[in-house]
Amino acid sequence: MNNREGIRLHQLMGILGDGTAYFSISDDNGHEYCEEYGGLGELQEEPWYREIMDCPVTNVTTIGGGCYPVETCIVVSRIGKGAER
């Protein structure tokens, strides 16, 4: 892996803790795979996860806290990976 490509989604999932945060995953074309999904194990079992697990992660943002639920939002790049979806 070179530094220009960055971390792949499956690598990021390997280091994230499940905790109590929700997860949202979308791609750079605006396609949303999941929104406010609870639980990494179940997320990785979804049929669409295999399609995007090797895509490079372009952005990770964590929002919420206090009286709002915590959500980790992940954007992957589909350029060159069937981006016509």
Side-chain angles (χ1 to χ4, degrees):
M1 173 176 76
N2 67 41
N3 288 335
R4 291 185 328 192
E5 292 181 8
I7 191 168
R8 303 290 176 165
L9 180 61
H10 69 91
Q11 293 169 318
L12 178 63
M13 293 298 180
I15 60 174
L16 285 176
D18 210 5
T20 58
Y22 290 107
F23 294 93
S24 293
I25 301 175
S26 62
D27 65 26
D28 48 7
N29 295 316
H31 178 79
E32 291 187 12
Y33 295 95
C34 66
E35 185 174 358
E36 295 184 1
Y37 201 106
L40 283 177
E42 293 86 12
L43 186 151
Q44 292 171 315
E45 296 294 321
E46 291 290 340
W48 49 261
Y49 180 77
R50 287 202 163 291
E51 294 177 28
I52 63 171
M53 65 185 279
D54 286 323
C55 292
V57 174
T58 58
N59 190 28
V60 178
T61 305
T62 301
I63 58 175
C67 62
Y68 299 99
V70 175
E71 179 180 359
T72 299
C73 305
I74 302 166
V75 178
V76 297
S77 177
R78 292 283 294 188
I79 296 174
K81 304 250 187 229
E84 66 280 348
R85 222 176 173 256

Nearest 0.5 angstrom please: I74 CD1 to C34 SG, how far? 8.0 Å
Residues Y49 and M13: closest non-hydrogen pair is OH-CG, 3.6 Å
What pair of heavy atoms forms the shortest contact from L12 to I7, and how long is it? N-CD1, 3.6 Å
Could you verify whether a donor N or O on one side chain and an acceptor N or O on the other, from E51 and Y33, lie under 3.5 Å apart? no
Supply the atom-to-atom distance E35 CD to E71 CD, rounded to the nearest 0.5 angstrom. 6.5 Å
Closest non-hydrogen atoms of E42 and Y37, given as atom of the first, atom of the second and distance, are O-OH, 3.4 Å
Pairwise side-chain contact, W48 with L43, heavy-atom cut-off 4.5 Å (strictly under): yes
Distance-only, no hydrogens or angles: does the Q11 side chain make a donor-acceptor pair with backbone N or O of R8 under 3.5 Å? yes
Side chain of D28, backbone of R78: donor and acceptor closer than 3.5 Å? yes
For I63 versus C73, what's the shortest heavy-atom pair and its separation? CD1-SG, 4.1 Å
Spacing of F23 atom CZ and L40 atom CG [to the nearest 0.5 Å]: 4.0 Å
Closest heavy-atom pair and its distance - V75, D27: CG1-C, 4.0 Å
Which of T58, I52, V57 passes side-chain contact (heavy atoms from CB on, under 4.5 Å) with C55? Answer is I52
Atom pair CD1/NE2 of I25 and H31 - distance to nearest 0.5 Å: 10.5 Å
Is there a donor-acceptor pair under 3.5 Å between the side chain of T72 and the backbone N or O of T62? no
Interatomic distance, CD@E36 vs OH@Y22, rounded to 0.5 Å, equals 7.0 Å
